[in-house]
There are 2 protein chains.
Amino acid sequence: MTRSAFLRARRPEHKQQRREAILAAARELARTSGVRNVSLGAVAEAVGLAKSNIVRYFGTREEIYLELLADEWRQWAEAVAERLRTTSGTTNAVTALVETIVERPLFCDLLSHASTSLEHNVSVPAARAFKHAVHARIAEMGAAMAGATDLTEREGGELAAACSGLAGMLYPAANPPPALAQVYAEDPELAAACPVLLPTLVRALSALAAGLPTLREE
Amino acid sequence: MTRSAFLRARRPEHKQQRREAILAAARELARTSGVRNVSLGAVAEAVGLAKSNIVRYFGTREEIYLELLADEWRQWAEAVAERLRTTSGTTNAVTALVETIVERPLFCDLLSHASTSLEHNVSVPAARAFKHAVHARIAEMGAAMAGATDLTEREGGELAAACSGLAGMLYPAANPPPALAQVYAEDPELAAACPVLLPTLVRALSALAAGLPTLREE
């Protein structure tokens, strides 16, 4: 679509195309530069629209990224469900959770900014839609985990939620900014203490999966 | 000290006083407004110095908050060690970790911003000093946990690190911004899914403490 056609878009399917174009540009910029470094102005420039035009589709930069995060949650839940259809047992289920999240760096990056940044500066409807989406995904994943292991649905949902939370916490630590990368290069002891995403997640979730059933009430 | 005396401060003890005044102002602003809402300009205004004067003491806003975070880590480790001198057993040790962190909202707020924000935009020496401090605190706490429970020092340190990470993850979720607070007020099901800091930490750390020993190699 040429820029002039794009600017004239008025019909519903064209509006949907614009939304998709904005989301695609924001996704690509975040993949290249990291979520924290992308401004609304950069998204507008990448998609060839004025900022004042962007905000007709998404009220703020944070609303764009919250929608991308909900989409990543959906894709992750689908990938885990797919894996759990052909495997079972707690060890395999934990591996499925961890491997599918580690292969989604944009998801991890977005998770790391969700509660401290992306959930701020958004409208009430955007916040509600996001929370409903996450709530539904965790419930689905809890059921899928319960079907593949001896865990309850609640415990399975807790493992999925813990996996997302820990991935969001560990991803920025495992991908240090330049000053920290230099510290690690100069100090092997500190570098050894820097968590590696996949094995750290496997160990934490394996321990949680073993420990949660011991907390069941009689 | 009057403003003019403050501005003329040149001797080492006066420079130390200025550092302390800057840290105290940044701490107070963060307690009132939340870490994410405090700018370097606001700190400068609160302490009665020009921004150009502040940066002689701290290169960036993030260096101020990283130093406050290292200080909070020290205070938390001391509080946990104090508790573990008069109690023992895994349940009591987990309670000690959780209760002492929950009563430190500024620590939790700072933890929530550490790897996604505060560790960025700092000098290599500031990043190194911070990482060394955290590394030392986790080692101390691991030893204290091992002394009070059947856990190893490694497992004790992992529990302390997990407690800090989960507190940093859960604190902003448990203290939602206005739009989310409105969503929760209107939607009891979503509100019920919003984590409460203390019981969520107790459950996660109790499960980890029960599960980590099952992962020991023969």
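Source: prediction; values computed, not measured. Chain A is the first sequence line, chain B the second, and so forth, proteins listed ahead of strands; every chain is numbered from 1.
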Separation of A:Leu208 CG from A:Leu215 CG (nearest 0.5 Å): 9.5 Å

CD1 on B:Ile64 to CG on B:Leu29, rounded to 0.5 Å: 10.0 Å

For chain A, the option from B:Pro178, B:Pro177, B:Ala127 that forms the most heavy-atom pairs under 4.5 Å: B:Pro177

Contact origin within B:Leu205 toward chain A - heavy atom pairs under 4.5 Å: neither

B:Leu201 side chain near B:Leu197 side chain, heavy-atom distance below 4.5 Å: yes

Minimal non-hydrogen separation, B:Leu84 against B:Ala148, with atom names: CD2-CB, 4.0 Å

Max heavy-atom pair count under 4.5 Å with chain A, selected residue of B:Val124, B:Val35, B:Leu212, B:Val183: B:Val124

Residues B:Leu118, B:Phe130; criterion side chain to side chain contact (heavy atoms under 4.5 Å, CB included); working and verdict: CA-CA 10 Å; B:Leu118 304 184; B:Phe130 174 70; over 6 Å; no

Contact class of A:Leu111 relative to chain B, heavy atoms under 4.5 angstrom: neither

B:Leu190, part contacting chain A, at a heavy-atom distance under 4.5 Å: side chain

Heavy-atom side-chain contact between A:Met145 and A:Leu97 under 4.5 Å: yes

When A:Cys194, A:Pro172, A:Pro195 are compared by non-hydrogen pairs under 4.5 Å with chain B, the top option: A:Pro172

Atom pair CD1/CG of B:Ile22 and B:Leu49 - distance to nearest 0.5 Å: 6.0 Å

Among the listed options B:Pro213, B:Ala173, B:Ala179, the residue most often paired with chain A at heavy-atom distances under 4.5 Å: B:Ala179

Enumerate the inter-chain donor-acceptor pairs under 3.5 Å for chain A and chain B, one line per pair.
| unit_1 | atom_1 | unit_2 | atom_2 | d |
| --- | --- | --- | --- | --- |
| A:Arg36 | NE | B:Thr116 | O | 2.9 |
| A:Arg36 | NH1 | B:His120 | ND1 | 3.3 |
| A:Thr116 | O | B:Arg36 | NE | 2.9 |
| A:His120 | ND1 | B:Arg36 | NH1 | 3.3 |
| A:Arg128 | NH2 | B:Glu186 | OE1 | 2.5 |
| A:His132 | NE2 | B:Asp187 | OD2 | 2.8 |
| A:His135 | NE2 | B:Glu189 | OE2 | 3.4 |
| A:Glu158 | OE1 | B:Arg203 | NE | 3.3 |
| A:Glu158 | OE1 | B:Arg203 | NH2 | 2.8 |
| A:Glu158 | OE2 | B:Arg203 | NE | 2.6 |
| A:Glu186 | OE1 | B:Arg128 | NH2 | 2.4 |
| A:Asp187 | OD2 | B:His132 | NE2 | 2.8 |
| A:Glu189 | OE2 | B:His135 | NE2 | 3.4 |
| A:Arg203 | NE | B:Glu158 | OE1 | 3.3 |
| A:Arg203 | NE | B:Glu158 | OE2 | 2.6 |
| A:Arg203 | NH2 | B:Glu158 | OE1 | 2.8 |

Audit row: B:Phe58, B:Leu23, side chain to side chain contact (heavy atoms under 4.5 Å, CB included) steps and yes/no: CA-CA 10 Å; B:Phe58 296 94; B:Leu23 289 169; 3.6 Å; yes

Test item: B:Leu170 and B:Val196 side chains (from C-beta on) under 4.5 Å apart, heavy atoms: no

